[in-house]
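Have a look at the structure below before the remarks.
In what follows, chains are A, B, ... by sequence order, proteins preceding strands, each numbered from 1.
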Amino acid sequence: MDSTLPIVEIRAIGEHAGRRVRLRGWLYNLRESGKLLFPILRDGTGWIQGVAFKKNLAPEAFEALRGLGQESSLEVEGEVRADARAPGGFELDIQGLHVLQAVTPERPYPITPKEHGIEFLLEHRHLWLRSQRQVAILKVRHGIIQAIRDFFDQDGFVLGDAPILTPASCEGTSNLFEVDYFDEKAYLTQSGQLYAEAVAMAVGKTYTFGPTFRAEKSKTRRHLTEFWMVEPEVAFATLDDVMSLAERLVAFVVARVLERRRPELALLERDVSKLEAIQLPFPRVSYDEAVTRVNQAGGAMEYGTDLGGGDETLLSQQFDRPVLVHRYPTAVKAFYMQPDPENPNLALCVDMLAPEGYGEIIGGSQRIHDLELLQRRIAEHQLPTEPIEWYLDLRRFGTVPHGGFGMGVERVVSWICGLEHVREAIPFPRTIYRIQP
RNA sequence: UCCUCAGUAGCUCAAUGGCAGAGCAUCCGGCUGUUAACCGGAGGGUUGUAGGUUCGAGUCCUACCUGAGGAGCCA
């Protein structure tokens with residue numbers, strides 16, 4: 001090995017065509033053809049096929065390479081060549097090898113290039129992440145999160161993260177994870193909203209971004225027990241402002257992914273024409289209209305109930321972009337939602353349903369800003385006031401109309417990537433019957 | 001919590017109640033352009049666990065364990 005040669009990343013390999021370089025990474029696959037080896041190397045930034053001719057390598061180096069198991073770590077040196085026969089257009093003519101760790105036949109890498117069942121893959125999630133598909137998803141997820149933060153930053157929002165350990169819930173404790181907090185009980189947060197409301201009264205526009213937890217015994221392709229949520233909260237915002245903010249955020253995120261993550265979407269075989277259709281404005285339908293539309297489409301929705309998964313699909317199929325469903329009956333919604341002045345039985349709330357059957361990605365509302373009304377609602381929901389006295393203070397000291405929403409990051413990743421299940425949208429998914437690895 | 005399904009080699013799956021098999025992976029051999037390479041050979045099994053029915057159980061019955069798909073609820 002020539003230690004004076006530059007170490008390069010595979011993503012920029014084309015810039016080094018015709019030159020000798022060093023490359024370090026892992027062995028993704030190894031094909032053999034007589035005195036010729038075709039190792040595929042990956043380094044996290046990409047994949048490249050190497051070609052090792054027996055005559056170009058020291059005999060012991062050739063034999064060492066030949067015997068390496070999948071996912072062995074190594075450093076190679078060689079000449080970068082453009083070659084139409086190589087996947088990716090470039091290949092590395094290997095002339096030197098340094099093995100960092102050889103994976104041996106006694107314990108071969110468990111995930112082979114062939115197909116595997118989901119149970120096996122989930123048990124090996126820590127290794128499954130190395131596959132091309134999972135790397136692509138991680139990079140889209142990263143792009144989405146970066147876009148979310150850029151969007152709020154450009155719009156003058158101030159990050160105001162909420163605590164993860166909380167004294168009580170805003171919607172009952174039945175679906176909360178309980179933890180010992182010294183001599184008291186505490187709960188893992190299911191939403192940062194109440195805290196975001198406090199911060200909004202300090203800085204005007206804020207958002208929280210972090211993990212949230214639901215101990216719901218939900219077992220579907222849309223549920224995790226631990227998921228990341230972004231929750232903007234805006235002082236003086238009305239429901240219309242909330243809806244406008246939500247659609248601008250989603251349109252921005254989709255546009256950004258289309259701009260910067262095309263190769264990953266292609267690897268995931270995502271139909272990008274479906275994403276290119278995500279243009280402002282998004283359709284808005286009232287809950288009343290939604291019920292009519294669902295039932296005309298063959299559903300059997302009863303007025304006054306929430307939309308089920310099938311109902312959501314029946315409705316979202318009618319549009320080529322996310323649809324905003326607003327003004328649900330107060331009875332099926334949370335205590336803090338402002339009633340519609342034109343019909344107090346309806347709440348000034350909104351859900352955004354993603355297209356293609358991906359369901360709800362956003363839920364938000366205008367909040368009750370009147371102290372007496374809020375107290376009445378808390379009593380109606382039979383919630384204890386003592387743990388949220390501080391929250392009532394927000395209505396005692398300069399209360400103003402305000403609102404916001406929560407967006408589930410994994411559901412957005414799942415939709416944009418076109419995944420079958422949200423568990424692929426986060427590196428280490430937590431689901432009801434799995435906490436390993 | 002409820003409904004449905006599955007568990008056989010490291011992996012993906014076969015096997016009418018009658019000798020437990022294939023492909024991939026691994027090992028050995030062949031091949032100087034392979035594309036989830038290919039060709040030839042070898043090793044590899046307490047059929048999830050515990051009972052039961054039967055001359056005989058991977059297969060039928062019961063319970064349990066583990067997991068998956070879905071419902072309700074939610075982002």
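A donor-acceptor contact shorter than 3.5 Å links the side chain of A/Thr45 to the backbone of A/Arg11.
Distance noted for atom P between B/A42 and B/A15: 25 Å (whole Å). A gap of 11 Å separates the C1' atoms of B/G18 and B/U59, to the nearest Å. Straight-line distance between the P atoms of B/C74 and B/A36: roughly 46 Å, to the nearest whole Å. Comparing B/G45 with B/A20, their C1' atoms are spaced 8 Å from each other, to the whole Å. A gap of 14 Å separates the P atoms of B/G51 and B/A57, to the nearest Å. One P atom belongs to B/G43, the other to B/G21, and the distance between them is 13 Å to the nearest Å. Comparing the P positions of B/G58 and B/C2 gives a spacing of 32 Å, expressed to the nearest Å. Remark: the separation of the C1' atoms in B/C55 and B/A68 is 38 Å, to the nearest Å.
Between A/Glu119 atom CD and B/C13 atom P the separation is 11 Å, expressed in whole Å. A/Phe213 places its CZ atom 16 Å from the P atom of B/A75, with the value rounded to the nearest Å. One can place CD of A/Glu231 at 9 Å from P of B/A75, the figure rounded to the nearest angstrom. For A/Arg222 and B/C73, the CZ to C1' distance is 10 Å, given to the nearest whole Å. Taking atom NE2 on A/His421 and atom C1' on B/G67, their separation rounds to 12 Å, with Å as the unit.
Proximity of residues 356-367 of chain A to RNA chain B (heavy atom under 4.0 angstrom from any strand atom) is restricted to A/Glu360, A/Ile361, A/Ile362, A/Gly363.
Pairs engaging residues 118-147 of chain A under the ring-ring contact (aromatic ring centres under 6.0 Å, His included) rule: A/His116-A/Phe120, A/Phe120-A/His124 [sequence neighbours left out]. Applying the ring-ring contact (aromatic ring centres under 6.0 Å, His included) rule to pairs touching residues 12-47 of chain A yields A/Tyr28-A/Trp47, sequence neighbours excluded. Within the structure, the ring-ring contact (aromatic ring centres under 6.0 Å, His included) test picks out the following pairs touching residues 282-309 of chain A (sequence neighbours left out): A/Tyr287-A/Tyr303, A/Tyr287-A/Tyr328.
In secondary-structure terms, RNA chain B builds stems of at least 3 consecutive Watson-Crick or G-U pairs, each pair having both distances under 3.5 Å, at B:1-7 with B:65-71, B:10-13 with B:21-24, B:26-30 with B:38-42, B:48-52 with B:60-64.
Screening A/Lys54, A/Arg66, A/Arg31 for a side chain to side chain contact (heavy atoms under 4.5 Å, CB included) with A/Leu37, the sole residue that qualifies is A/Arg66. Put simply, the residue from A/Leu353, A/Ile278, A/Val254 that forms a side chain to side chain contact (heavy atoms under 4.5 Å, CB included) with A/Pro322 is A/Ile278. A ring pair (Phe, Tyr, Trp, His ring centres under 6.0 Å) with A/Phe151 is found for one member of A/Phe252, A/Tyr207, A/Phe157 and no other, namely A/Phe252.
Counting only heavy atoms from C-beta on, A/Asp83 has its side chain closest to B/G33 among B/G33, B/A75, B/G69. Listed nucleotides B/U32, B/G69, B/C27 differ in distance to A/Pro105; the shortest reach to its side chain belongs to B/C27. Closest to the A/Arg31 side chain, of the nucleotides B/U26, B/A36, B/A75, is B/A36. The side chain of A/Arg85 sits closest to B/G33 out of B/C11, B/A68, B/G33. Among B/A68, B/U12, B/C31, the nucleotide with an atom closest to any side-chain atom of A/His116 is B/U12.
Using a 4.5 Å heavy-atom cutoff, the side chains of A/Val257 and A/Leu275 are not in contact.
A donor-acceptor contact under 3.5 angstrom links the side-chain atoms of A/His223 to the base of B/C74. Residue side chain A/Gln49 reaches the base of B/U34 through a donor-acceptor N/O pair under 3.5 Å, judged by distance alone.
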Show, in sequence, the C-alpha distance, side-chain angles and deciding distance for A/Glu289 and A/Arg327, and conclude whether the salt bridge (charged side-chain N to carboxylate O under 4.0 Å, His left out) test is met. CA-CA 10 Å; A/Glu289 189 187 344; A/Arg327 293 178 173 82; over 6 Å; no
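Surrounding CZ of A/Arg130 are more than 12 heavy atoms belonging to other residues, nucleotides or ligands, all under 6.0 Å away.
For A/Arg434 and B/A68, the shortest distance from a side-chain N or O to OP1 or OP2 is below 4.0 Å.
Stacking between A/Phe227 and B/A75 is present: the aromatic ring centre lies within less than 5.5 angstrom of the base six-membered ring centre, and the two planes differ by under 30 degrees.
Nearer the 5' end of RNA chain B, as judged by each residue's closest nucleotide, is the contact made by A/Arg66, out of A/Met407 and A/Arg66. A residue-by-residue look at A/Glu312 and A/Glu91 shows that A/Glu91 has its nearest nucleotide of RNA chain B further toward the 5' end.
Every residue two or more places apart in sequence or in another chain was checked for a side-chain hydrogen bond (donor to acceptor under 3.5 Å, both in side chains) with A/Asp153, and none qualifies.
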